[in-house]
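Single-structure report; data block below.
Sequence lines set the chain letters: A, B, ... in the order given, protein chains first and strands last, and positions in each chain run from 1.
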Amino acid sequence: MSLFAFLGTLEIGLVYGLVALGVYLTFRVLDFPDLTVDGSFPMGGAVAATAIVAGVNPWLATGLAVLVGGMCGLVTAFLAVRCGILHLLASILTMIAAFSINIRIMGRPNMALLGEPTIFTAFDNMGLDPLYSHLGVIFLLVLFAAFFVTRLLASDFGLALRATGVNGRMVSAQGGSIGFYTYLGLALSNGLVGFSGALFAQSNSFADVTSGVGTIVVGLAAVILGQTLIPGRRIWVAVVAVIVGSILYRLAVGFALSSGMFGMQASDLNLVTAVLVAIALIAPKMKGKMRLKAVQARRAK
Amino acid sequence: MKRLKVVSVFCAAALVIVSAAGVLAQTYKVAVSQIVEHPALDATRQGLLDGLKAKGYEQGKNLEFVYQTAQGNPAIAVQIAKQFVGEKPDVLVGIATPTAQALAASTRTIPVIFTAVTDPLGAKLITDLEHPGGNVTGLSDLTPVAQHVDLMQELVPDLKTIGVVYNPGEANAVALVDLLKSAAKNKKIQVVEGTALKSADVQGAARIIASEVQVIYAPTDNTVASAIDALIGVANQAKIPVFGGTTSFVENGAVASLGFDYYQVGVQTAEYVEAVLTGQKVGDIPVTFAKGSDLFLNQEAADNLGITFSEAMLERASSIKK
């Protein structure tokens with residue numbers, strides 16, 4: 001893997017790290033299986049791209065994308081909490097509706113940003129190498145988001161949010177509203193995902209409705225991969241773990257892309273990625289088992 | 001110690017010979033990124049490879065041909081673009097819109113040739129067809145839709161309604177359906193749309209519109225192309241002809257088509273790659289629309305549907321499937 005490819009992989013991994021954060025909030029913290037992300041990711045990109053092409057400041061456009069992403073989460077929460085639709089189905093409904101809405105927003109399925117101002121333009125104009133400056137900007141933004149999520153979860157509000165996922169009855173008994181925390185949790189999660197979509201569109205110069213396909217799979221893989229490899233009960237450890245998981249997932253794709261030398265063909269990409277991620281998940285367990293066996297063998301002596 | 005010296009001298013000598021050989025027979029590296037595998041795009045890639053061979057660039061001899069597919073996922077298309085740019089090939093080729101955009105966004109220096117992109121201006125790959133200016137140029141596969149409407153009218157003389165199945169999520173398909181609607185409007189023909197978001201939906205969409213239309217138009221839409229057999233199956237049950245947006249659909253059972261073989265699109269793309277390899281400035285190579293208006297007819301399908309081709313049509317046809 002060349003340096004350029006490696007840095008590019010890091011960049012995409014960090015951008016999808018925001019998706020992983022969002023998925024962590026719903027799946028792990030709130031215990032709400034939320035597939036809305038497949039719709040809010042491209043919606044973030046669509047809103048940012050449309051606003052930028054219409055002449056809105058790129059930073060403002062990115063902020064709009066976060067808001068609109070959060071609104072997707074509110075719709076899912078409304079369907080689940082107020083209308084009593086099963087969580088999974090509520091999020092699927094929002095996800096498929098988002099596809100049509102995204103085309104409405106952009107007026108077409110693919111919107112290009114090549115040559116348009118983005119949040120990176122100011123840094124490019126300063127004469128910085130885009131290879132590093134884009135990565136740096138994205139790193140700082142993700143760091144900010146991670147810090148925000150960590151602080152939020154550590155606050156009283158965050159405690160209630162976490163309690164909602166673990167023991168909803170306890171929250172009700174304490175006078176908290178499960179519905180309220182579900183609304184805010186989903187809005188926050190999908191806001192992060194919309195943010196990710198906006199960054200993806202700007203760093204790669206296009207927003208495409210099909211870019212949402214499989215976002216949830218990537219997010220889940222990142223959360224599980226990260227938390228398996230970096231276990232820990234502390235909040236900041238989990239937050240860092242899911243972002244690292246996202247980067248590792250992208251590295252697995254990167255290595256799968258370079259697997260041609262082992263007689264693999266291009267269409268084997270998804271299979272190779274899956275095998276690499278599976279190995280990453282199984283390897284630590286195997287190591288633990290072997291250590292256990294060694295200890296048992298020593299005791300038997 | 002002495003032996004070590006001998007070995008190292010040998011190594012050095014071998015290195016010199018190998019690098020000298022490398023200078024003598026220069027190999028060119030062409031990296032191809034394709035959004036998804038389906039017959040039309042695969043044919044484009046094969047045409048490119050064969051076209052390059054005809055021009056003296058042979059894989060394994062003086063050509064390194066690297067190919068990756070994003071398996072339909074734009075995020076992976078971006079990653080492939082980064083990977084390729086890092087390998088610093090002589091030419092990057094993007095097959096279809098998202099892959100071409102990902103490549104163009106990843107480099108300002110390495111030449112990018114796009115192909116099978118319907119609307120390069122709308123995709124902002126270039127700003128000017130005649131003088132692209134930057135490091136991007138290529139071949140557009142804009143379908144001659146107006147001519148298709150003429151042919152459908154020739155096929156079904158009292159044509160009032162055309163059905164079309166397409167994916168509203170595909171930029172290419174939406175552009176084609178817009179062209180179809182404006183061409184049909186001029187002839188006072190109504191267009192009935194059936195939308196399919198994924199290939200599994202194509203059959204259902206075809207069923208819904210089949211009862212209302214006299215002919216179904218199958219555009220060069222990636223989703224429809226993946227499920228073209230299902231579409232034609234439904235049309236055969238309903239006893240209405242399918243007009244193919246691309247000639248490869250005739251092989252699947254479409255009654256007729258006018259256009260270019262995607263294999264030929266690939267061969268024409270090879271001309272762009274050659275031009276870049278021989279040192280032409282990318283910014284000076286104008287964007288062209290794929291050439292070759294081949295009329296393909298399917299006698300077998302026509303017989304089943306009770307359609308007779310006019311003498312004039314049979315005469316113009318470049319291929320008739322019996």
*Which of G122(B), A70(B), A77(B), P168(B) touches chain A most, by non-hydrogen pairs under 4.5 Å*: P168(B)
_Donor-acceptor check, side chain of Q71(B) to backbone of N270(A), threshold 3.5 angstrom: yes or no?_
yes
*Just how far is it from atom CG of D119(B) to atom CZ of R108(A), taken to the nearest 0.5 Å?*
8.0 Å
*Would you mind checking which part of V78(B) comes under 4.5 Å of any heavy atom in chain A, side chain (CB onward), backbone (N, CA, C, O), both or neither?*
both
_Can you give me the closest heavy-atom contact between G86(B) and S2(A), atom names plus distance?_
CA-OG, 3.1 Å
*Sort out for me which of I80(B), N167(B), N73(B) touches chain A most, counting heavy-atom pairs under 4.5 Å.*
I80(B)
*Given a strict heavy-atom distance threshold of 4.5 Å, which part of N172(B) is in contact with chain A: side chain, backbone, both, or neither?*
neither
*Side chain / backbone / both / neither for Q83(B) at chain A, heavy atoms under 4.5 Å*: both
*Counting only heavy atoms closer than 4.5 Å, note whether F6(A) contacts chain B via side chain, backbone, both or neither.*
neither
*So which of T97(B), T69(B), T127(B) has the biggest tally of heavy-atom pairs under 4.5 Å with chain A?*
T69(B)
*V253(A) versus chain B, the contacting section by heavy-atom distance below 4.5 Å*: both
*Are the side chains of P98(B) and T210(A) in touch, meaning some heavy atoms are under 4.5 Å apart?*
no
*What part of A123(B) is in contact with chain A, defined as an atom under 4.5 angstrom from a non-hydrogen atom: side chain, backbone, both or neither?*
backbone
*With the side chain counted from C-beta on, respond yes when M111(A) and K124(B) share a heavy-atom pair under 4.5 Å apart, and no when they do not.*
no
*For the candidates L114(A), D208(A), V218(A), which exhibits the highest count of non-hydrogen atom pairs separated by less than 4.5 Å from chain B?*
L114(A)
*Please name the pair of heavy atoms, one in P109(A) and one in G169(B), separated by the smallest distance, quoted to 0.1 Å.*
CB-O, 2.9 Å
*Enter the distance from S100(A):OG to L197(B):CG here, rounded to the nearest 0.5 Å.*
6.5 Å
*Between A175(B), P74(B), G72(B), A173(B), which residue shows the highest count of heavy-atom pairs closer than 4.5 Å to chain A?*
P74(B)
*Decide side chain to side chain donor-acceptor pair (under 3.5 Å) for Q101(B) and N110(A); before the verdict, give the C-alpha distance in whole Å, the side-chain angles of both, and the deciding distance to 0.1 Å.*
CA-CA 10 Å; Q101(B) 283 172 324; N110(A) 177 299; 2.9 Å; yes
*For K53(B), look at atom NZ and say whether over 12 heavy atoms of other residues, nucleotides or ligands are found less than 6.0 Å away.*
no
*Pairwise side-chain contact, K82(B) with L257(A), heavy-atom cut-off 4.5 Å (strictly under)*: no
*With a 4.5 angstrom heavy-atom cut-off, which part of E87(B) approaches chain A: side chain, backbone, both or neither?*
backbone
